[in-house]
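Because the structure is a prediction, the values reported are computed rather than measured. Indexing begins at 1, ligand by ligand and atom by atom, following the structure's order.
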Amino acid sequence: MVETSDTWIRERTGVEARHITETETTVFMASQAAEAAILDAGILPEEIDLIVVATSSSNVIFPCTACEVQRAIGAVHAFCFDLNAACTGFLFAYNTVCSYLESGLCHCALVIGAESLSHLVDWQDRSTCILFGDGAGAAVICVQDGPRGASVLHSDGRLGDALTCETHHQSRWQERTEMTHLRMNGRAVFQFAVKRVPEVIEEVLEKAELSRAEITYYILHQANQRIVESVAKRLGESLEKFPMNLSRYGNTSSASIPILLDELKKSGKLKKGQRLVLAGFGAGLSWGASVVTWG
Ligand code: UT7
């Protein structure tokens, strides 16, 4: 479709494979992830009282993806809404959910990152169509999980033009067309990420009064292998503390952090009491980091 090569993609991004939806919707993937998380948590869907879905690629404008997930999984007691912070979405949604839990408004929440960006990319644009993949990940978070670790969240709308997805609606009598285009200044986003992500990690560690030695893993948004490597280098940390799976999924935007967490959990690498830093960045531009103690 575009002039590129497998070698270029592997060397410049680290992506070797990814998943693209055909008939599956964002709701379908989010519901599958939600059911797996609920099963893993050993609770019933009826015990969930809040569902927040981080997505910028819901298939319909409303009802929101979270309500559709609620219907699919039978979480009849939950109130539900979506949150759009692009690739930083899971991190923002996680913090939103924690705040609701701390306020006493709910007791057991489901936070999901789900994206079908393959429907939004321009398959003629080689700087973006080689990068993104579709997917979903979910986590159950309940009040008994203990106090929240420190978080630092940032947005800078002045930099927003670096990564946009505009939908142009044209409505005329008896005729309606719609065009969506994802556009990215890859180099600008790359430079932003390799500067801001190490900074925000330092900031959150200082806020949490933790040293880098006390962190077992840094779970970074999986955008580009070179970004992860650069962040590790700037922090002076071993790359072994930066697990990656983007070679198999591409950049799944708000789904990348929960998919990686799930894989680490399944492989037995996450142990109770370990401290993790979750860090994300993306359109907005937005970025942030949270310290999480694995329970
Ligand atoms: O998750 C949301 C946040 N998004 C990101 O984090 C993405 C951050 N950015 C990136 O990951 C990288 O900037 C890209 C993977 C998008 C691009 O890699 P790059 O090394 O920054 O490439 P570039 O944009 O600086 O372009 C270098 C060259 C250009 O050619 P010239 O002008 O030097 O002749 C591009 O036209 O590579 C060319 N190029 C390609 N060549 C082959 C760009 N895309 C491709 C391609 N195949 N797919």
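Neither side chain, Ser253 nor His221, offers a donor N or O lying under 3.5 Å from an acceptor on the other. No donor-acceptor contact under 3.5 angstrom links the side chains of Ser116 and Asp134, judged on distance only.
Taking a cutoff of 4.0 Å between a charged side-chain nitrogen and a carboxylate oxygen, Arg183 and Asp161 do not qualify as a salt bridge. Ionic pairing of Arg248 and Glu263 is present here: one or more N-O contacts between side-chain nitrogen and carboxylate oxygen are shorter than 4.0 angstrom. Taking 4.0 Å as the cut-off between side-chain N and carboxylate O, Arg226 and Glu229 do not count as a salt-bridged pair.
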Please tabulate protein-ligand N/O pairs under 3.5 Å for ligand 1, atom names and distances to 0.1 Å.
from	atom 1	to	atom 2	distance (Å)
ligand 1	1 (O)	His221	NE2	2.7
ligand 1	1 (O)	Asn251	ND2	2.6
ligand 1	9 (N)	Gly186	O	3.1
ligand 1	11 (O)	Asn224	ND2	2.7
ligand 1	13 (O)	Gly186	O	3.1
ligand 1	20 (O)	Arg12	NE	3.1
ligand 1	20 (O)	Arg12	NH2	2.8
ligand 1	20 (O)	Arg226	NH2	2.8
ligand 1	25 (O)	Arg187	NE	2.6
ligand 1	25 (O)	Arg187	NH2	2.8
ligand 1	36 (O)	Arg126	NH2	2.9
ligand 1	41 (N)	Trp8	NE1	3.4
ligand 1	47 (N)	Thr4	OG1	2.7
ligand 1	48 (N)	Thr4	OG1	3.1
ligand 1	48 (N)	Arg126	O	3.0

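Residues Tyr100 and Phe81 bring their aromatic ring centres within 6.0 Å.
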